[in-house]
Amino acid sequence: MPRFSLIVPVHKVQGYLPECLDSVLGQNFVDFEIIAVDDFSPDGSGAILDEYAKRDARIQVTHLTENVGLGRARNAGLEKAQGDYVLFLDSDDTLSEGALAAIADRLDATDDPEVLVYDYARTYWNGKVNRNQLADLLAHTGPDVFSLADRPQLLDLLQIVWNKAYRRDFIARTGLTFPPGYYEDAPWTFCSLISAERIAVLDRVCVYYRQRREGGNILKTVSRKHFDVFDQYQRVFDYVDAHEELAEWRGPLFRKMADHYLTVLERPGRLPREARAEFFHRAAADYRARVPKGFTRPGGGRGHKYAMLERDAYSTLVSALAAVKVRRRVKKSVRTAVNRSKRGAMRALYQSQLRLPLDDNLVLFSAYWSRGVSCNPAAIDAELARRAPHLRRVWAVRAEHADQVPEGVRVVRVGSREYWAAVARAKYLVNNVNFADSVVKREGQIHVQTHHGTPLKTMGLDQQKYPASTDMDFEKLLERCDRWDYSLSSNRFSTVIWERVYPCSYTTLETGYPRNDVLVNATAEDVRAARAELGLADGVKAFLYMPTHREHQPGFVPPMHLARFARELGPDVTLLVRGHYFYGNSPQITELRRTGRIVDVSGHARVEDLYLAADALITDYSSAMFDYAVLDRPIISYVPDWDVYSAVRGTYFDLLQEPPGAVATTQGELLALLASGSYDTPEATKRRDGFRRRFCEFDDGHAAERVVRRVFLGEESLLPVVPFDDRSHAPTPTQALEPVERA
């Protein structure tokens, strides 16, 4: 039997679940089991649990067939618990390093009490960590083991179950279970504390309590479900009534009840406006029915509110709360005035356009900070032209990039009158980055964030851990992300990361990347045309070299010596270089370009055509590897500075251990791979297959269609994804150049 059973209920937490599980599995104390209960989660949480369970036998997974809520999911876990002690951990929270060892040591030192109470700290998206404000209640003063009567102030701790270890035989003896509904922790917490004869405390932060910026917290949910609090306290007092020896706790529990009811009433964002009076009257009825004889109200403002409950004086309470709101409104108006002054440059035209109705048939596209027509937005644009021709499609493009716009595309120049009118009135905004801070998200507008790659390097809030790589204002970042309605994903790996590093209230669409549709659907003729446009002769092997940007370098420093590459690989090889003009007017490089041995494709409008034309890809940390993998062609990872890059920028997996093919860490190794052809071996193919199945999960050639049907045509469900082994992809250059057999 394990020492600990950790019960982890799971529902819609795929962005946080791996971190939660890793925090447990990485503990230096190993005598535990994890009982994870998938509460019919609609996202990828269940699959994540199954993957972890395959890797670690200490994890048991129960998949419920309907959503039963947090309390009953915990009950399902309790039924399977075998440990001496039961601990609860919510699936978006984490254990601190060494927490289980500290808990085990304290239990041993206090001779296995029935309940051990330990501390927690709140963690925030911006890295702030605040320890529980009542941490002093857990100081090791007095006897190591005691009953609640010796330290009744423990009732003032937050009513939560996950800051305690409960002896399993104590749970069985008291018959504790979790009720359904909101505030399910209250009956369990109060009834366990008042029933325990032996309690101990541990003055140490063992749990990091995640304060999610968006969603996941009932305290930020406007709902009549907050009326559940009445049923929960009914259960508490029913328990006391059934145990005469606990009658002394009626007064303290009555005070906790009154405080809890008032908290629900006072906190904004819980009760619907039309339900507040009803809630107050029910609270007043409970107050009068349960007030103990001789009860003395607390002093000050809190006592006045108790008196209002006793008299059922709702109008008096409303007046008092209104005064508080006035003070808050004054403070808010001051902040608003300051913000308006900061937005003084906003055009008067934009303000006037914002007052006009939305144009339901207008779609505004932008890509890569309005540098042209490309990427996922361009693929969605093309699909819209086929499936929804009634929609007018407009692109926001900066003046200096206007010459890169294909003929027939309607353009508005960023900063122009037409641009501000389009931003203000377009029903749909589609971008692969964020629009400027000055853009106001209007009610009724739909913002589609397509992203522009699968992340190897850290993104969003995770970049806070690598300050050398960015000077980003993360508060401003999240304000921009608050405008998103939809976030596209090409694999579950990305879905989990996006939802964690951009914690906003958008809907994830696991559609695949629209820009990759062509890599699935292109024909041999398309491949030949792509090569012809680049001047690639038949029989020439083309390597596409796409190194990524390195934030820690002041300028672009190519890690490959191009002249040596051309000299050693011979005349039948051409290198397509997608990067900057980084060698200036070197006579040697100029000659190589003149002969066609090196083709600079940095300014090529469609990277997808470069993918189709290339026999293989050479890259380092660029997201190009994830897209090119759709083609199932060789990928060579040339990573001479992996240690530096991964340390400075941070990465989500070790590319040296999980590459999409062959790996070279020096130019000599790279040239040897290319010259010998050993970059394309069965072992490299096996690696590429695993990589493709993980990262090209939804790229089946129908991504743009899914987006258009779901977002623009209003279809509720996404088209099913073609099974991986049933998919096709564009032919290789060798296949495309093979003569067509005559009939």
Side-chain angles (χ1 to χ4, degrees), residues 347 349-350 362-386 391-423 426 428-436 438-439 450-453 513-515 517-518 522 526 529-536 542 544-549 555-556 574-585 589-590 593-594 596 598-614 622-624 627 704:
R347 292 172 176 266
L349 171 68
Y350 185 41
L362 181 59
V363 187
L364 179 65
F365 291 94
S366 180
Y368 295 117
W369 299 274
S370 299
R371 293 178 179 172
V373 178
S374 62
C375 194
N376 293 313
I380 295 170
D381 180 10
E383 188 70 12
L384 269 179
R386 289 188 289 269
L391 296 178
R392 302 192 314 282
R393 307 177 322 280
V394 179
W395 277 81
V397 178
R398 297 188 180 278
E400 62 268 30
H401 300 292
D403 59 342
Q404 301 175 16
V405 176
E407 291 185 11
V409 175
R410 184 185 171 195
V411 171
V412 290
R413 181 174 55 82
V414 173
S416 67
R417 295 172 59 88
E418 294 77 12
Y419 169 78
W420 289 114
V423 169
Y428 303 96
L429 303 174
V430 182
N431 206 335
N432 69 353
V433 291
N434 274 311
F435 286 96
S438 53
V439 171
T450 73
H451 302 282
H452 54 274
Y513 274 162
R515 70 184 184 192
D517 287 349
V518 66
D526 295 324
R531 288 177 64 89
E533 183 183 3
L534 297 170
L536 297 173
L544 175 59
Y545 178 43
M546 291 184 63
T548 195
H549 173 62
F556 186 80
T574 292
L575 186 67
L576 308 174
V577 181
R578 180 87 165 173
H580 299 276
Y581 294 94
F582 41 78
Y583 275 123
N585 295 317
I589 299 304
T590 300
R593 286 174 176 157
R594 187 186 65 78
I598 292 178
V599 180
D600 190 341
V601 293
S602 301
H604 198 285
R606 279 176 49 85
V607 70
E608 293 81 18
D609 289 343
L610 303 180
Y611 294 155
L612 292 175
S622 170
S623 64
D627 300 327

Query - Side-chain donor/acceptor of Arg392 to backbone N/O of Leu362, under 3.5 Å - result: no
Val607/Met546 under side-chain contact (heavy atoms from CB on, under 4.5 Å): CA gap, chis, key distance, verdict: CA-CA 10 Å; Val607 70; Met546 291 184 63; 3.9 Å; yes
Do Val397 and Val409 come within less than 4.5 Å of each other through their side chains, counting heavy atoms only?
no
When rounded to the nearest 0.5 Å, the distance separating OG of Ser374 from CD of Glu608 is 8.0 Å
Inset, instruction - Check the pair Val518 / Arg606 against side-chain contact (heavy atoms from CB on, under 4.5 Å), numbers first and verdict last. - result: CA-CA 11 Å; Val518 66; Arg606 279 176 49 85; 4.2 Å; yes
Closest non-hydrogen atoms of His451 and Cys375, given as atom of the first, atom of the second and distance, are O-SG, 4.2 Å
Closest non-hydrogen atoms of Ser438 and Trp420, given as atom of the first, atom of the second and distance, are OG-CH2, 3.5 Å
* Asked: Any side-chain heavy-atom pair from Phe365 and Val373 closer than 4.5 angstrom?
  -> no
For Tyr611, the ring-ring contact (aromatic ring centres under 6.0 Å, His included) test, sequence neighbours excluded, returns Tyr628
Of all heavy-atom pairs linking His452 and Ser623, the shortest is O-OG, 3.8 Å
For a 4.5 angstrom cut-off between non-hydrogen side-chain atoms, does Tyr513 reach Thr450? no
Contacts under 3.5 angstrom, residues 428-435 side chains, donor-acceptor by atom type, not counting sequence neighbours:
from: Asn431; atom 1: OD1; to: Val433; atom 2: N; distance (Å): 3.1
from: Asn432; atom 1: OD1; to: Tyr368; atom 2: N; distance (Å): 2.7
from: Asn434; atom 1: OD1; to: Trp484; atom 2: NE1; distance (Å): 2.8

d(Arg413 CZ, Glu400 CD) to nearest 0.5 Å is 10.0 Å
Heavy-atom nearest pair, Ile380 first then Pro514, reads CG1-CG, 3.8 Å
Practice task
May I ask you to test the Val412-Val423 pair for a side-chain heavy-atom distance under 4.5 Å?
Solution key: no
OG1 of Thr574 to CG of Leu534, rounded to nearest 0.5 Å, is 10.0 Å
Those residues at least two apart in sequence (or on a different chain) that pass side chain to side chain donor-acceptor pair (under 3.5 Å) with Arg410 are none
Distance col, row Arg515:CZ vs Asp627:CG, nearest 0.5 angstrom, shows 4.0 Å
Taking Arg393's backbone N and O only, do any of them form a donor-acceptor pair with Asp381's side chain (distance below 3.5 Å, no angle check)?
no
(Q) Under a 3.5 Å distance rule, please check whether Arg398 uses its side chain to pair with a backbone N or O of Arg371 as donor and acceptor. (A) no
Going by heavy atoms in the side chains, are Tyr419 and Ser366 under 4.5 Å from each other?
-> no
Heavy-atom closest pair (Ala613 atom, Arg531 atom, distance to 0.1 Å) is O-NH1, 2.8 Å
Between Asp609 and Ala530 the two heavy atoms that sit nearest each other are O-CB, 3.5 Å
